[in-house]
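Worth knowing before you read on, the calculation uses all heavy atoms, side chains too, and leaves out hydrogens, waters and symmetry mates. In this chain, numbering begins with 1 at the start of the sequence shown. Everything quoted here is computed from the prediction, not taken from an experiment.
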Amino acid sequence: MAHKKKINKQPKKSSKSKSRATLGGSFALNVSLRVVKSLLLGLVVVLFLGGMLVVGIGAGYFAHLVEGTPTPTKSEMKQKVGDIAESSKLLYADDRELATIQADPIREKINSDEISQWVKKALVATEDENFYEHDGVVPKAVVRALLGEVVGFGAGSGGSTLTQQLIKQQVLTNETSFKRKANEIVLALDLEKYLSKDEILTAYLNVSPFGRNNKGQNIAGVEEAAIGIFGVHAKDLNLPQSAFIAGLPQSPIVYSPYTNTGDLKQDYSLGMARKDDVLFNMYREQMISKKEYEDAKKYDLSKDFQARQDVEVQQHGFLYYTVYNEAISIVAKQQAKEDGVSDADYNKEETRNRYVEQAKVKMQNQGLVVKSTIDKNIYDAMQLGVAEYGQYLDDGSGATVEPGTVMMDNKTGRIYGFVGSRDYNTNQNNHAFDTARQAGSSIKPVLVYGPAIDQGLLGSATRIADFPMKYQHGEHAGKELANAENKGSKTFQTARQALVQSTNITAYHVYQDMLATKGSDQFAYDNYLKKMNYPASDTWGVESAPLGTTDVSTLTEVNGFQTLANGGVYQQGYLIDSITDSTGKEIYKHKDAPVQVFSKATASIMNDMMRSVITEQHTTPFKSILSGVNYQLSTADWVGKTGTTDNYADNWLIVSTPSITLGTWTGRDDNNPMNDGAGNRTATYMAYLAGRIYQVNPNVFGVDEEFELSDDVKQVKVSDFTGLKPGKVNHNGTNFQVPSGETTSLWAKDGPADNTYEFGIGGTDDDYKTYWNTRNKANTKSKDDDKDNEETKTDD
């Protein structure tokens, strides 16, 4: 029987086992996939929730950043983005240009149709290719810029649209902060709602800096760039010129072809390379064809650069600086008032200086238009007059005698013109406004006689002692008080005579009597001069005050006489009529602020008395000299007063017609004496000056007008001898014969008293005795003698 060979075999897995293994592998994969899917889903959820959290936090933070940011109106936004640094102008009264206050940078605002389309395309292609698609902000650019700020990723990639750049330049500051950026975004969105794309583009081109011009000046605005670099207007720029200019705002000084002297840089290749970049951007954005691109690159732009030019320096003088400084003062005070600064705080030097500096910046950059009161023809005539006749002031000593002259309208205080010195090039001291010198006898009408008449203390025929005397008090105590011509005429002068002859002793007595009656050595200042803006000073109360020992300016004295010529109503002298901003809005307008200083009656009496000063010519030959210069002008109703200080160091002549007041001080800057005859020389200068003014504007003098006595002036018949009511006089039992003769005395208030022995103002017992004995026949009869005294007429 045969045997089978035994073969060893591995056990064969059953199909069930195989299936079970496969199933296990699949399960593991599925689990893994599910885990991954769950993880991915969880990650997505986490990212989503995190993103939402970040967005929420970001939105909340953004809202916090812009919280409190005011939302400007459409008109406010237009004004802000349109405000540019523009040159301000000073004008004459008739709107002719007096001067331009140059801005830095200089620029000129133009309209959209005055700008080449090439410039607009070049700017958009280079600075903001999506300008016409976005609403003021490009979100992805903002995110990129913010990431750059936070983590450094994408730093320097920008993110600002042209709209945002305009907001940054005109509305916000250059501060680098998230708050500023957030505000910039909000305001850019607002701006896009208010302005068209072209309006935004035009505004940007008007405000942006463009480096320097061929004069070395800083320039801004496309018009100044076009003219200052290529010598053409912005509307006439060709393609390569436009590309060059459009590339400048990124780095104006670097890309500018000019140095600060106006010379071409030795190497301006950076600007040319920037121009080529701009052209490529235009080609890339399909704003120009390939041929236009290549032709523009080949164009020799260097031949278009303007050659260097010298800056035209305006020659300024007294008029420019006086009007400019007054405008600065007005703007500074106005701004301080708007800020709630009190007058007391403003008068502190530090505060005032701060506002003055702000006003200067405003004047230089905000295109203000300052309209002055100056009549160009009158002002020019005054300058011609002082040039021709100023030498008449010199006294032969070799020293230059300077004038300070002002012409003012009586009704308004408007200053028509002035003379600062004989020649600004040799003497920049403005003697009309800035120099204060002793007033001399020119102060008497406003300090002494005007107030005394106004208070009813005297009339035009009131008698005042003019006898030799000495000062009683103060630093001059014991010193002889003398008149200019004598030590006293040893008589009692009328108030009119005292003013005509400008006697010092009489003015002293009237002033002391007034102060004693009113019980204050500052009475005249507090109640009269202060209202006319005369300077505060302790010297108004001293015994020598009526002689004019207080320093005043020509403007101040002229304004005082304007008050008398204007019926006693003070109108502060002014140089600026109005100031408007660049939009034409009036930000300042002079307003009359009349102050009734003297009664109308007092003013008319003073004018009547000062007419005698001019017609009698005791202290000035002005009237007769004027007759030789211009007879028609000499027929005007001139009133006025002279003034001289010791040794003729200061000389004054102030004259008025019913229309104007013209006054001058003359003297030397070193305050040294002038030779005798200073008054005549001043009168000659003034007569010829008035003649020059008459030639260009004869109507301004009101030649046909006259000063008239006010209806309420009391015209009282008085004894010519005593100035009191006519009647018998008895003194200590003696009847005194009063010389015959009556005259009219003008009184503004109250009136003359009854006749009496001590009838006048001032004087001692001996003075009265002398006056009665030398001018009358004493009646020695007994007081019981009832026989009337025989009146005899005597000459006065």
Side-chain angles (χ1 to χ4, degrees), residues 84-91 96-111 114-116 118-119 122-123 204-275 278 296 299-317 319-321 324 360-361 363-369 424-425 582:
I84 62 174
E86 293 182 272
S87 300
S88 294
K89 293 182 179 180
L90 306 181
L91 305 179
R96 281 187 281 181
E97 186 172 318
L98 187 159
T100 297
I101 302 170
Q102 200 66 63
D104 185 24
I106 60 172
R107 74 180 88 203
E108 180 180 348
K109 191 175 182 179
I110 57 176
N111 298 322
E114 298 175 282
I115 303 174
S116 167
W118 287 128
V119 178
L123 184 67
Y204 182 92
L205 285 167
N206 271 322
V207 304
S208 294
F210 286 92
R212 294 193 178 96
N213 62 13
N214 62 328
K215 298 177 182 179
Q217 299 167 310
N218 289 325
I219 55 175
V222 66
E223 177 71 357
E224 284 295 342
I227 293 174
I229 298 175
F230 298 117
V232 299
H233 291 290
K235 63 183 177 62
D236 299 321
L237 291 167
N238 61 31
L239 175 56
Q241 291 170 345
S242 297
F244 186 88
I245 284 179
L248 290 171
Q250 187 185 71
S251 187
I253 298 301
V254 172
Y255 295 140
S256 174
Y258 297 107
T259 67
N260 60 1
T261 63
D263 293 302
L264 274 172
K265 293 177 179 176
Q266 292 184 351
D267 182 6
Y268 46 80
S269 60
L270 290 176
M272 300 296 260
R274 174 66 175 165
K275 178 259 300 180
V278 173
Y299 183 87
D300 183 10
L301 191 63
S302 62
K303 66 180 178 58
D304 292 345
F305 290 142
Q306 295 291 287
R308 180 186 179 278
Q309 290 184 17
D310 291 327
V311 177
E312 297 176 7
V313 179
Q314 292 183 327
Q315 296 298 320
H316 296 315
L319 183 57
Y320 171 86
Y321 291 112
Y324 172 78
K360 287 179 179 179
V361 172
M363 186 69 71
Q364 292 170 354
N365 295 291
Q366 294 195 11
L368 303 182
V369 177
Y424 178 81
N425 293 324
S582 59

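- Side-chain N or O atoms of Lys275 include none that pairs as donor or acceptor with a backbone N or O of Pro240 at under 3.5 Å.
- Arg212 places none of its side-chain heavy atoms less than 4.5 Å from the side chain of Thr259.
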request  = Begin from the C-alpha positions of Lys360 and Tyr324 and carry the test side chain to side chain contact (heavy atoms under 4.5 Å, CB included) through to its verdict.
outcome  = CA-CA 9 Å; Lys360 287 179 179 179; Tyr324 172 78; 3.8 Å; yes
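- A distance of 9.0 Å separates CG in Asn260 from CD1 in Ile253, rounded to the nearest 0.5 Å.
- Using a 4.5 Å cut-off on side-chain heavy atoms (C-beta onward), Leu91 and Leu98 make no contact.
- Within the 4.5 Å cutoff, no side-chain heavy atoms of Leu237 are placed close to those of Trp118.
- To the nearest 0.5 Å, the span separating CE on Met272 from CG on Asp267 amounts to 10.5 Å.
- Looking at every heavy atom in both residues, Leu123 comes nearest to Ala246 through N-CB, 3.8 Å.
- In plain terms, the two heavy atoms of Tyr321 and His316 that are nearest each other are CE1-CB, 3.6 Å.
- Atoms CD1 and OG, on Ile219 and Ser256 in that order, are 6.5 Å from each other to the nearest 0.5 Å.
- Here the OG atom belonging to Ser88 is positioned 8.0 Å from the CD atom belonging to Gln366, to the nearest 0.5 angstrom.
- Residues Tyr258 and Gln306 form a side-chain contact, since some pair of their non-hydrogen atoms from C-beta on lies under 4.5 Å apart.
- The ring of Phe244 has its center no closer than 6.0 angstrom to the ring center of Tyr268.
- Put simply, the side chain of Glu224 does not reach to within 4.5 Å of the side chain of Phe210, judged on heavy atoms.
- In this structure, Phe305 and Asn214 have side chains that are not in contact, with every pair of non-hydrogen atoms separated by 4.5 Å or more.
- Atom NZ of residue Lys109 and atom CD of residue Glu114 lie 12.0 Å apart, to the nearest 0.5 angstrom.
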**side chain to side chain contact (heavy atoms under 4.5 Å, CB included) between Tyr299 and Asn238, intermediate numbers included** = CA-CA 11 Å; Tyr299 183 87; Asn238 61 31; 3.4 Å; yes
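- One finds a salt bridge joining Asp310 and Arg308 here, because a Lys/Arg side-chain nitrogen approaches an Asp/Glu carboxylate oxygen to under 4.0 Å.
- Side-chain contact between Gln241 and Ile245 is absent, with no heavy atoms from C-beta onward closer than 4.5 Å.
- No donor-acceptor distance shorter than 3.5 angstrom exists from the side chain of Asn213 to the backbone of Gly262, with no hydrogens or angles considered.
- Put simply, the side chain of Val254 does not reach to within 4.5 Å of the side chain of Arg274, judged on heavy atoms.
- The minimum heavy-atom distance between Gly247 and Val278, with the atom names listed, is CA-CG2, 3.9 Å.
- In this structure, Lys215 places its NZ atom where more than 12 heavy-atom neighbours from other residues, nucleotides or ligands lie under 6.0 Å away.
- Nearest heavy-atom pair, Pro252 versus Pro209, reported as atom, atom and distance to 0.1 Å: CG-O, 3.7 Å.
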**OP:** Evaluate side chain to side chain contact (heavy atoms under 4.5 Å, CB included) for Ile227 paired with His233, printing each intermediate quantity in order.
**Re:** CA-CA 6 Å; Ile227 293 174; His233 291 290; 3.8 Å; yes
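- Here the closest non-hydrogen pair linking Ala234 and Glu223 is N-OE1, 3.0 Å.
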